[in-house]
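Some notes on the structure that comes next.
Everything numeric here is computed off the predicted structure, so don't read it as measured data. Naming: A, B, ... by sequence-line order, numbering from 1 per chain. What's counted below: heavy atoms across the whole structure, side chains too, no hydrogens, waters or symmetry copies.
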4 protein chains.
Amino acid sequence: MSATADATEFSLESLGRVPLQGRSKASLERMLATARTLMLERGNEDFTLQEVSSRGKVSIGSIYLRFENKDSLVRAVLYQATQTLAEQEDAMLAELAASCATLQEFVPRYVEAYAEVLRHNAPLLRLTMMRAEHDPPISLLGKRTANNAEAKAVAAFMAYRGDFAVPDPEVCAKAAHHIIFATLARELSLGSSSESVTNYDWNVLKRELARMCAAYFQAS
Amino acid sequence: MSATADATEFSLESLGRVPLQGRSKASLERMLATARTLMLERGNEDFTLQEVSSRGKVSIGSIYLRFENKDSLVRAVLYQATQTLAEQEDAMLAELAASCATLQEFVPRYVEAYAEVLRHNAPLLRLTMMRAEHDPPISLLGKRTANNAEAKAVAAFMAYRGDFAVPDPEVCAKAAHHIIFATLARELSLGSSSESVTNYDWNVLKRELARMCAAYFQAS
Amino acid sequence: MSATADATEFSLESLGRVPLQGRSKASLERMLATARTLMLERGNEDFTLQEVSSRGKVSIGSIYLRFENKDSLVRAVLYQATQTLAEQEDAMLAELAASCATLQEFVPRYVEAYAEVLRHNAPLLRLTMMRAEHDPPISLLGKRTANNAEAKAVAAFMAYRGDFAVPDPEVCAKAAHHIIFATLARELSLGSSSESVTNYDWNVLKRELARMCAAYFQAS
Amino acid sequence: MSATADATEFSLESLGRVPLQGRSKASLERMLATARTLMLERGNEDFTLQEVSSRGKVSIGSIYLRFENKDSLVRAVLYQATQTLAEQEDAMLAELAASCATLQEFVPRYVEAYAEVLRHNAPLLRLTMMRAEHDPPISLLGKRTANNAEAKAVAAFMAYRGDFAVPDPEVCAKAAHHIIFATLARELSLGSSSESVTNYDWNVLKRELARMCAAYFQAS
DNA sequence: TATGAATGAGTATTCATTCAT
DNA sequence: GATGAATGAATACTCATTCAT
């Protein structure tokens, strides 16, 4: 299942207006990059189109030529970020699949690797999740992305089906993925600037999460 | 550890301006109730003071008599919500402690009861967590509340110390609390209006979470 | 002509509301003193009645019991300041009259002494003159005060009538007073906080002003 | 010394935002003219931007496109007024220089002409002087303007150096300029709407001022 | 009398969006 | 297509004044 599976529905073309080439494309990329930079700098969507215009060397008119309104621009940035996250998940899972022989080896490395992927993408992921609360298109994007991530994670676990002691490995793998994602995301505050919101030790958390999953999978 | 432990530092008196009685108190309560209602209705803090004034039958001036600015009013609403949540956690833990004989009995009932408490308080808890990202006083409130909740949860688990098979029950109890809270919170989207952000079945999640914790505590 | 000649028309009683005694009088004085302090601190009338209330330990209600409105309070402060200035002018002229034998001796000492009186009273005098622009009662007060000051100054000069070389000493004395007052006032910016608005040397100005008047009076 | 000597530092471009042409320029001029009209009508800066917007047929946004804030607009009006005054002083001095043969002829005509220039510009000059009290940029503008005016006046007097009887004509010219300006300004109340604040006869004042200066310059 | 809590009209400023060029 | 100047609705906050107690 590819990270770009939903490209048609959520493509820039669907969020923006037209396929572009050359100068126009470069200009579109400057808009997106500038908007993303501003969102990362401020941790929210409170940038102005004037700022995008001046910092990104794009005219206000150009922005409205590509995007229906400001929301549309923000959505495009979040869509790109979501794509990136999915691609990194894919790569991470592919690498682990190639290098882990057993479930016992896989579980802690998965927690560790997933934690780093999420940490890296946390700021925009957090904005995506916040926006999903009141923005149906982003909510839909979030659900699809989450479902894809779940499917991919479960498939990765199932490669080690024989190592599960429980009678229902799919159910457990699915639950484990949910729990791992939720815990890591929460501890990252999904974007908290510097320090964690809680002070719970990040390494301890990863270790115990792995330990908990291992016990869960081995319970008879 | 009482739910009101931080009352001095985060009391309405410290957030607002004065202790009140009678009509004044009623008026203050109308402001807070109206602001809370608006925040719940919209899922964010984008209400206007005009709205609080007209819907709450309080003059704009009265609001500024009690609160330094709009932020201060929002903080007071979140503070109250945090208090309420802590009180419900206290009550929930007290009741479980009185009625569960073993850890095996306690774990699933704790997950279930905590899930319901969080679900009930999710909308404002979500706003609190969002605001904590950029509002230091609320960030501090959130950290203290989280620490208190952790301490209370660990203590509750430790009442069943003898039932743990692991050599380090405190560490496991702490991790379990973090993981349970994070998972439940995420699944609730901490305030998602109607349906869950993910479509993962809420009852399955609760069941598996309990199962996972049980396995974790029994691992040798 | 006494400095209190206009007391009836501009008395506190006329500006405020009632004659007072004891506690009430003390409270009235606190209002006035606080308002004056605030006006001096800020160099304008932009204080609030809340500030007068809290700093002066007077209730808002009390203020409205003594004064019709804020303007009325401000006028009372300016009236008092005007009284004080007039009294200091009186004292200054009396002293000079007693100690100067000739016009030649009087002129420079008058310029010097008047300069110091104005410097001392400049901040509130400036507020009075500014307010006179758009506040008829204060404009009237200003005119009467100016007329009184003129009459007193001319009388002082006329004590040395025999020392004038010009054929029209009254005309010259009157003009000299106008010119001295205007020049000193302007150079003081009538209340400019610290430094003069212009950088023209204050001592040179006083010396030349005296020299000019002396020449003027001696011209044939 | 030209009236536009400070143009670089205090130009509209420095106070506002951009150089303009055509429609934009017309709109900028409407803003300034409307603000100036309102300031003259009321004798102070208490106009609202809504008023400028509706009376001047400019949108609020346009104002903020040209000026950082309301203060900036007010400063621009005062700057223009200061420019105008300086230009009229230049013209007046040039004309007198061309038509007066002697100091005796020059002095009364200078007082007369300067009085008329000040009378004409009094309302905005008064606002400039009031604002200078608490607004550093305007204070600086005022000081520079005053220094320029002094230099120009002294130069004009010095054209008649041979006609001075005093040993220090520069010192006297400088003092005379200060005294003439201060006296005229005060008598005009620098902006008093209709009548003078004092009731001293304006023509008498001008005559005696000239007489005084003449005597001063001729004193040996 | 005296208090001070309550009132609400009034205003500078921001910024997404439009549209004349 | 491309530009960026112009628009104006929307909103937090202040403070003189009132009036219930």
**Prompt:** Should C:Ser62 be listed as having a side-chain N or O under 4.0 Å from OP1 or OP2 of E:dT1?
**Reply:** no
**Message:** When you compare the side chain of A:Thr37 with that of A:Thr34, does any pair of heavy atoms fall below 4.5 Å?
**Reply:** no
**Prompt:** Nearest to the side chain of B:Tyr64 - E:dA2, F:dT14, F:dT17?
**Reply:** F:dT14
**Asked** Base, sugar-phosphate, or nothing: which does B:Leu49 touch, judged by heavy atoms less than 4.0 Å apart?
**Response** sugar-phosphate
**Partner nucleotide of F:dA2 by Watson-Crick or wobble geometry (both distances under 3.5 Å)** = E:dT21
**Message:** Without decimals, in angstroms, what is the distance between C:Lys25 NZ and E:dA2 C1'?
**Reply:** 20 Å
**Request:** Check the distance between F:dC15's P and D:Asp46's CG and give it to me in whole angstrom.
**Result:** 14 Å
**Asked** Out of F:dT17, F:dA5, E:dG10, which nucleotide sits closest to the side chain of C:Ile60?
**Response** F:dT17
**Message:** With a 3.5 Å limit on both atom pairs, tell me what E:dT14 is paired to, counting Watson-Crick and G-U wobble, or say none.
**Reply:** F:dA9
**Request:** With the side chain counted from C-beta on, respond yes when B:Phe67 and B:Leu32 share a heavy-atom pair under 4.5 Å apart, and no when they do not.
**Result:** yes
**Asked** What integer distance in Å separates A:Asp71:CG from E:dC15:C1'?
**Response** 14 Å
**Complete:** For B:Met130 and A:Arg126 the tightest heavy-atom approach is O-NH2, 3.9 Å
**Message:** Can you work out whether A:Glu45 or D:Lys70 has the more 5'-proximal nearest nucleotide on DNA chain E?
**Reply:** D:Lys70
**Asked** Any side-chain heavy atom of A:Leu127 within less than 4.5 Å of one from A:Val77?
**Response** no
**5' priority, DNA chain F, between D:Val58 and A:Ser27 [closest heavy atom]** = A:Ser27
**Prompt:** Heavy-atom distance under 4.5 Å between the side chains of B:Leu141 and B:Thr82, does that happen here?
**Reply:** yes
**Request:** Figure out the CD1/P separation between D:Ile63 and F:dA9, and round it to whole Å.
**Result:** 14 Å
**Prompt:** How many angstroms lie between CG in B:Leu78 and CZ in B:Arg131, if you round to the nearest 0.5 Å?
**Reply:** 6.5 Å
**Prompt:** Starting at the 5' end of DNA chain E, which residue's closest nucleotide do you reach first, D:Phe47 or C:Ser53?
**Reply:** C:Ser53
**Asked** Can you tell me how far P of F:dC13 sits from CG of B:Leu65, to the nearest Å?
**Response** 15 Å
**Residue whose closest nucleotide on DNA chain F lies nearer the 5' end, C:Gln50 versus D:Gln50** = D:Gln50
**Request:** Look at the side chain of B:Ser59 and decide which nucleotide, out of E:dA6, F:dC13, E:dA12, has an atom nearest to it.
**Result:** E:dA6
**Request:** Give a yes/no on whether any side-chain N or O of C:Ser24 is located under 4.0 angstrom from OP1 or OP2 of E:dA2.
**Result:** yes
**Message:** Let's see if you can work this out: which of F:dA12, E:dA2, E:dC15 has an atom nearest to the side-chain heavy atoms of A:Thr48?
**Reply:** E:dC15
**Request:** Whole angstrom is fine here: how far is it from CG in A:Leu38 over to P in E:dC15?
**Result:** 12 Å
**Asked** D:Lys57 NZ to F:dA6 C1': how many Å, rounded?
**Response** 16 Å
**Prompt:** Does B:Ser54 put a side-chain nitrogen or oxygen below 4.0 Å from OP1 or OP2 of E:dG8?
**Reply:** no
**Prompt:** Within the pair C:Arg66 and E:dA2, is there a side-chain N or O less than 4.0 Å away from OP1 or OP2?
**Reply:** yes
**Item:** Atom pair distance, as rounded to whole Å: CZ in B:Phe67 and P in F:dA12
**Value:** 15 Å
